[in-house]
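Here is the structure we will look at.
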Amino acid sequence: MTSFAHLVAEFNRKILNIEQRPHGLLSTHEIDISLKCLHEELNEFAHATEQGDFIGQIDALIDLQYFATGVMYKLGLTPEEINKCCEAVHHANMQKKLGVLTKRGDGSAADAVKPDGWVSPEERIGIILGE
């Protein structure tokens with residue numbers, strides 16, 4: 001099965017004519033467009049929620065993933081690197097424990113909290129990307 005990152009990279013190459021780039025930051029213009037697109041999808045999710053539109057919620061969330069993955073592609077990550085970075089974040093998240101983060105609300109919803117000694121995935125991402 002083709003990974004989601006491969007599908008998004010294919011879209012960027014074939015539809016947007018964006019070839020694989022070296023690792024690097026985006027231009028201010030590309031950042032502005034990316035942020036607008038990401039915010040638009042968050043707003044669409046909120047609107048679908050207000051309307052009780054389950055399918056709309058799913059579509060907005062997938063579009064949000066699509067744009068976020070596209071930004072990583074534009075930052076120069078290959079689909080393989082995107083997948084490995086996602087795995088690094090997943091591995092770090094799996095080290096968290098069930099708990100409550102009051103900064104996210106009244107504590108009525110379960111959340112994943114960082115235990116003592118928790119290690120951020122950033123170092124592992126740097127290794128994956130050779131940075």
Side-chain angles (χ1 to χ4, degrees):
M1 181 174 154
T2 304
S3 76
F4 189 74
H6 281 90
L7 296 173
V8 174
E10 176 186 33
F11 171 82
N12 276 268
R13 283 191 311 272
K14 291 185 176 181
I15 304 302
L16 301 179
N17 296 317
I18 299 172
E19 292 300 324
Q20 187 67 56
R21 303 172 175 176
H23 293 164
L25 298 174
L26 299 180
S27 69
T28 302
H29 179 68
E30 282 184 308
I31 288 291
D32 289 345
I33 291 170
S34 297
L35 287 171
K36 284 178 185 174
C37 292
L38 292 166
H39 283 287
E40 180 181 318
E41 294 309 327
L42 282 173
N43 289 335
E44 286 186 20
F45 178 75
H47 180 73
T49 299
E50 291 168 4
Q51 299 298 312
D53 181 358
F54 174 70
I55 300 301
Q57 286 180 321
I58 300 301
D59 178 59
L61 290 171
I62 292 170
D63 282 344
L64 185 60
Q65 282 182 281
Y66 210 92
F67 279 112
T69 303
V71 172
M72 286 187 278
Y73 175 80
K74 291 171 190 157
L75 287 166
L77 277 68
T78 65
E80 293 77 17
E81 290 172 328
I82 294 169
N83 289 332
K84 287 179 183 177
C85 289
C86 288
E87 289 171 7
V89 171
H90 172 70
H91 176 76
N93 284 340
M94 291 302 292
Q95 304 310 307
K96 293 180 180 180
K97 304 295 179 200
L98 178 63
V100 174
L101 288 177
T102 54
K103 71 178 183 179
R104 292 195 183 144
D106 63 4
S108 62
D111 204 343
V113 298
K114 301 170 186 172
D116 291 337
W118 182 82
V119 178
S120 164
E122 290 179 8
E123 182 178 335
R124 196 163 169 198
I125 290 170
I127 292 168
I128 292 165
L129 301 178
E131 302 289 323

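This chain uses plain numbering: 1 for the first residue, then up along the sequence.
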* **Pairwise distance CD1(Ile125) to CD(Glu81) - rounded to 0.5 angstrom** => 11.5 Å
* To do: Without swapping roles, check the side chain of Tyr73 against the backbone of Gln20 for a donor-acceptor pair under 3.5 Å.
  => yes
* **Closest approach of Ala48 to Gln57 (non-hydrogen atoms, all atoms of both residues)** => CB-N, 3.5 Å
* Asked: Do Leu42 and Phe67 belong together in a cluster built from hydrophobic side chains that touch within less than 4.5 Å?
  -> yes
* Pairs touching residues 85-125 that satisfy ring pair (Phe, Tyr, Trp, His ring centres under 6.0 Å), sequence neighbours left out -> none
* Asked: Taking the side chain as C-beta and beyond, is there a heavy-atom pair between Gln65 and Ile62 under 4.5 Å?
  -> yes
* Structure fact -> Heavy-atom nearest pair, Lys97 first then Pro115, reads CG-CB, 4.0 Å
* Between Val71 and Lys74, does a side-chain contact (heavy atoms from CB on, under 4.5 Å) hold up when you go through it step by step? -> CA-CA 5 Å; Val71 172; Lys74 291 171 190 157; 5.5 Å; no
* Calculate, to the nearest 0.5 Å, the distance between atoms CG and OG1 belonging to Leu64 and Thr69 respectively. => 9.0 Å
* Asked: Does one hydrophobic cluster hold both Met72 and Leu35, with members joined at side-chain heavy-atom distances below 4.5 Å?
  -> yes
* Structure fact -> Ile128 and Ala88 have their tightest heavy-atom pair at CD1-CB, 4.0 Å
* Does Val8 belong to the same Ile/Leu/Val/Met/Phe/Trp/Tyr cluster as Ile15, with side-chain heavy atoms less than 4.5 Å apart forming each link? -> yes
* Asked: Would you say Glu80 has more than 12 foreign heavy atoms packed within less than 6.0 Å of its CD?
  -> yes
* To do: Taking all non-hydrogen atoms of both residues into account, name the closest pair between Leu26 and Leu75 and its distance.
  => CG-CD2, 3.7 Å
* What residue pairs, at least two apart or across chains, pass ring pair (Phe, Tyr, Trp, His ring centres under 6.0 Å) with a residue in residues 1-51? -> Phe4-Tyr66, Phe11-Tyr66
* Structure fact -> So CD of Glu40 and CG of Leu38: to nearest 0.5 Å the spacing works out to 10.0 Å
* Counting heavy atoms not belonging to Lys96, are there more than 12 under 6.0 Å from its NZ? -> yes
* **Minimum-distance pair of heavy atoms, taken over all atoms of Ser3 and Asn83** => OG-ND2, 3.1 Å
